[in-house]
Amino acid sequence: MSVHLHWFLPTGGDGRTLVDRHAYTDGGVKRSRIAPVSGVRAPDIDYLTQIAKAAEQLGFEAVLTPTGTWCEDAWLTTVALAQHTERLKFLVAFRPGVISPVLAAQMAATYQRITRGRLLLNVVTGGDSTEQRRFGDHLDHDRRYARTDEFLSVVRGVWSGQPFDFDGEHYQVEGGLTALPPDPLPEIFFGGSSAAAGPVAARHTDVYLTWGEPPEQVKQKIDWIRGLAQKEGRTVRFGIRLHTISRDSSAEAWATANRLLDDLSPETVAAAQEALGRSESVGQQRMLALHGGSRDDLEISPNLWAGVGLVRGGAGTALVGSHSDVADRIEEYHALGVEHFVLSGYPHLEEAYWFGEGVIPDLAARGLLPRIPASPLTRPAVGGAPLLVAGGR
């Protein structure tokens, strides 16, 4: 079982801090300022192309692209970036409640043909009713998961290439059809920590994603989903969503993490915790419980730092340490059954290089990666001429 590494596309903006990096708002804490912020990198196609190309060159398999009010549309952005990359896959997040499942199946099929098979799907059921209502969705938490269950049944049904009928509570489809099914079928990634989410994952998903909890908690989730999938006669693979701060030494990495904390005022943390505490997401509440809103004891497991979650919703933990430390933790999660690692860091361009040039070679040396791209400096020179590399410090 090889490790699959994925990076992240900051389609809401990027920067060097945990807050005020958003191109359209104040990091999602007050959600009141609709104006560019000084020092923030806007998510224009040129900057996102830099990140996508870096991820491809460094050996990442795919990039996750988020969905929501405060970021660019994931489908349109990634199909544009596909024209600037060759192998990189795109893990496109989308909300099943705001689009027809038959249309989504057709979009996925078209996407696969345009990109020559580089689409992965991340199904986001949604844990914030305010955000859902903004998109016209008024279902409560558990009913949203019931609808996702039906949605994925329809998508897989119409991908068969034959007319498909479905009569459910949320969808009624007569003769649903994707005339040219996607080839290959996109893998479906899905996350959810609630009792309502587990059966949906067991029935439909290829890869179950968890946020970065300590290894023992991740193991409990894996055992839970694996047991539910066995009852459905299915096998589910597993992934984890984490940030990363990897440096040449552990001291450098922790200094970077501490600098990110130094930028956070008590008022900023309190406002973020109040907003995040209203989330209906069980996964979000589990993230908040890791630190309790306190800056004390944020290393909740060796090299697993909960500081990001003081102000950021969703994935709130980071792997922090030397390149070898971070590789150790990835190997530890991998031993539990985690194959897919969806990573990010601030800023995303620089952190991609820190991880790609530091951790990826270490993982390859351990036999955990199928391959990493050859460096341009190690490829044979055109015409057989030797490639000369200048010395330097």
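Quick caveat: nothing in here was measured; it's all calculated off a predicted structure.
- Glu56 places a side-chain N or O within 3.5 Å of a backbone atom of Glu86 that can act as its donor or acceptor partner.
- Within the 3.5 Å criterion, the main-chain N or O of Gly157 finds a donor-acceptor partner in the side chain of Ser160.
- His204 places a side-chain N or O within 3.5 Å of a backbone atom of Asp149 that can act as its donor or acceptor partner.
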Going through the checks in order, is the side-chain contact (heavy atoms from CB on, under 4.5 Å) test met by Ile330 and Arg366? CA-CA 11 Å; Ile330 289 175; Arg366 300 179 190 211; over 6 Å; no
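- Looking only at distances, a side-chain donor or acceptor of Trp159 sits under 3.5 Å from a matching main-chain atom of Ala105.
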Run the side-chain contact (heavy atoms from CB on, under 4.5 Å) check on Val3 and Glu339 step by step: do they pass? CA-CA 5 Å; Val3 164; Glu339 293 182 51; over 6 Å; no
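- Side-chain contact check for Thr49 and Asp46: no donor-acceptor pair (N or O, by modelled atom type) lies under 3.5 Å.
- Side chain of His141 to backbone of Ala196: no donor-acceptor contact under 3.5 angstrom is found.
- The shortest distance between side-chain heavy atoms of Leu260 and Ile245 falls below 4.5 Å.
- With contacts defined as side-chain heavy-atom distances shorter than 4.5 Å, the pair Arg156/Phe164 does not qualify.
- For the pair Val154 and Tyr171, the tightest heavy-atom approach, listed with the atom from each and the gap, is CG2-CB, 4.5 Å.
- Note that CD of Glu357 and CG of Asp362 are 14.0 Å apart. Values are rounded to the nearest 0.5 Å.
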Criterion salt bridge (Lys or Arg N to Asp or Glu O under 4.0 Å) on Arg16 and Asp262, from CA distance to verdict: CA-CA 12 Å; Arg16 297 179 179 275; Asp262 290 342; over 6 Å; no
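- The two residues Leu152 and Val200 make their nearest non-hydrogen contact at CD1-CG1, 4.4 Å.
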Begin from the C-alpha positions of Tyr111 and Thr78 and carry the test side-chain contact (heavy atoms from CB on, under 4.5 Å) through to its verdict. CA-CA 10 Å; Tyr111 195 113; Thr78 56; 2.7 Å; yes
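- The environment of Gln106 atom CD is sparse: at most 12 non-hydrogen atoms of other residues, nucleotides or ligands sit within 6.0 angstrom.
- Closest heavy-atom contact between Pro101 and Val155: O-CG2, 3.5 Å.
- With 3.5 Å as the limit, one finds a donor-acceptor pair spanning the side chains of Ser193 and Lys221.
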Criterion salt bridge (Lys or Arg N to Asp or Glu O under 4.0 Å) on Arg144 and Asp140, from CA distance to verdict: CA-CA 6 Å; Arg144 288 200 295 267; Asp140 62 28; over 6 Å; no
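- For the residue pair His348/Asp14, the side-chain donor-acceptor check at 3.5 Å is satisfied.
- Remark: Leu288 CG to Arg286 CZ distance equals 12.0 Å, nearest 0.5 Å.
- Residues Val207 and Phe238 approach most closely at CG1-C, 3.9 Å, considering heavy atoms.
- At a threshold of 4.5 Å between non-hydrogen side-chain atoms, the residues Leu298 and Leu310 count as touching.
- Using a 4.5 Å cut-off on side-chain heavy atoms (C-beta onward), Arg295 and Leu261 make contact.
- A distance-only check finds no donor-acceptor pair linking the side chain of Arg113 to the backbone of Arg116 [under 3.5 Å].
- In the model, Arg95 has a side-chain atom that pairs as donor or acceptor with a side-chain atom of Gln132 under 3.5 Å.
- Phe189 and Leu343 are members of different hydrophobic clusters when ILVMFWY side chains are connected at heavy-atom separations under 4.5 Å.
- Although no hydrogens or angles enter the test, the distance criterion places no donor-acceptor pair under 3.5 Å between the side chain of Gln284 and the main chain of Gly277.
- Taking CG of Asn303 as the reference point, atom CG of Asp325 lies at 4.5 Å (rounded to 0.5 Å).
- A salt bridge links Asp137 to Arg147: at least one charged side-chain nitrogen sits closer than 4.0 Å to a carboxylate oxygen.
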Could you check Phe8 against Val63 for side-chain contact (heavy atoms from CB on, under 4.5 Å), going step by step and ending with a plain yes or no? CA-CA 5 Å; Phe8 185 85; Val63 284; over 6 Å; no
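- One distance of note links CG of Leu363 with CG of Leu368; it measures 5.5 Å at 0.5 Å rounding.
- In this structure, His4 and His340 have parallel ring planes: the angle between them is below the 30° cut-off, well short of the 60° mark.
- In this structure, the side chains of Ser249 and Ser322 stay at 4.5 Å or more apart for every pair of heavy atoms.
- Contact of the Ile360 side chain with the Phe60 side chain is registered, since non-hydrogen atoms from C-beta on lie closer than 4.5 Å.
- How far CD of Glu213 is from CG of Leu242: 10.5 Å, rounded to the nearest 0.5 Å.
- The closest side-chain donor-acceptor pair between Thr85 and Arg118 falls under 3.5 angstrom.
- Judged by a 6.0 Å distance limit and a 45° cone about the ring axis, Arg247 is positioned over the six-membered ring of Trp354.
- Of all the heavy atoms in Asp165 and Gly175, the pair that sits closest is OD1-N, 2.6 Å.
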Begin from the C-alpha positions of Lys219 and Asp223 and carry the test salt bridge (Lys or Arg N to Asp or Glu O under 4.0 Å) through to its verdict. CA-CA 6 Å; Lys219 181 180 184 302; Asp223 291 344; 2.9 Å; yes
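- Summarising the geometry, atom CE belonging to Met107 is positioned 9.5 Å from atom CG belonging to Leu121; distances are rounded to the nearest 0.5 Å.
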Step-by-step salt bridge (Lys or Arg N to Asp or Glu O under 4.0 Å) determination, Glu169 to Arg143: CA-CA 10 Å; Glu169 177 184 356; Arg143 292 182 69 202; 3.6 Å; yes
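- Remark: of the listed residues Tyr346, Trp211, Trp305, Tyr346 is the sole one forming a ring-ring contact (aromatic ring centres under 6.0 Å, His included) with His243.
- In summary, of the residues considered (Val342, Asn122, Thr317), a side-chain contact (heavy atoms from CB on, under 4.5 Å) with Arg241 occurs for Val342 alone.
- For Glu150 and Ser153, the side-chain atoms include no donor-acceptor pair closer than 3.5 Å.
- Between Tyr333 and Leu304, some side-chain heavy-atom pair lies under the 4.5 Å cut-off.
- At most 12 non-hydrogen atoms from other residues, nucleotides or ligands lie less than 6.0 angstrom from CG of Asp297.
- Contact detail for Ser301 and Pro215: the closest heavy-atom pair is OG-CD, 3.5 Å.
- Between the side chain of Gln217 and the backbone N or O of Gly212 there is no donor-acceptor pair closer than 3.5 Å.
- The side-chain heavy atoms of Leu349 and Tyr353, taken from C-beta on, include a pair separated by under 4.5 Å.
- Side-chain N or O atoms of Thr178 include none that pairs as donor or acceptor with a backbone N or O of Leu180 at under 3.5 Å.
- A distance-only check finds a donor-acceptor pair linking the side chain of Gln83 to the backbone of Val79 [under 3.5 Å].
- Looking only at atom types and distance, the side chain of Thr125 has a donor-acceptor partner in the side chain of Thr148 under 3.5 Å away.
- Using a 4.5 Å cut-off between side-chain heavy atoms of Ile, Leu, Val, Met, Phe, Trp and Tyr, with links allowed through other members, Trp75 and Val98 fall into different hydrophobic clusters.
- Counting non-hydrogen atoms of neighbouring residues, nucleotides and ligands closer than 6.0 angstrom, the CZ atom of Arg259 exceeds 12 such neighbours.
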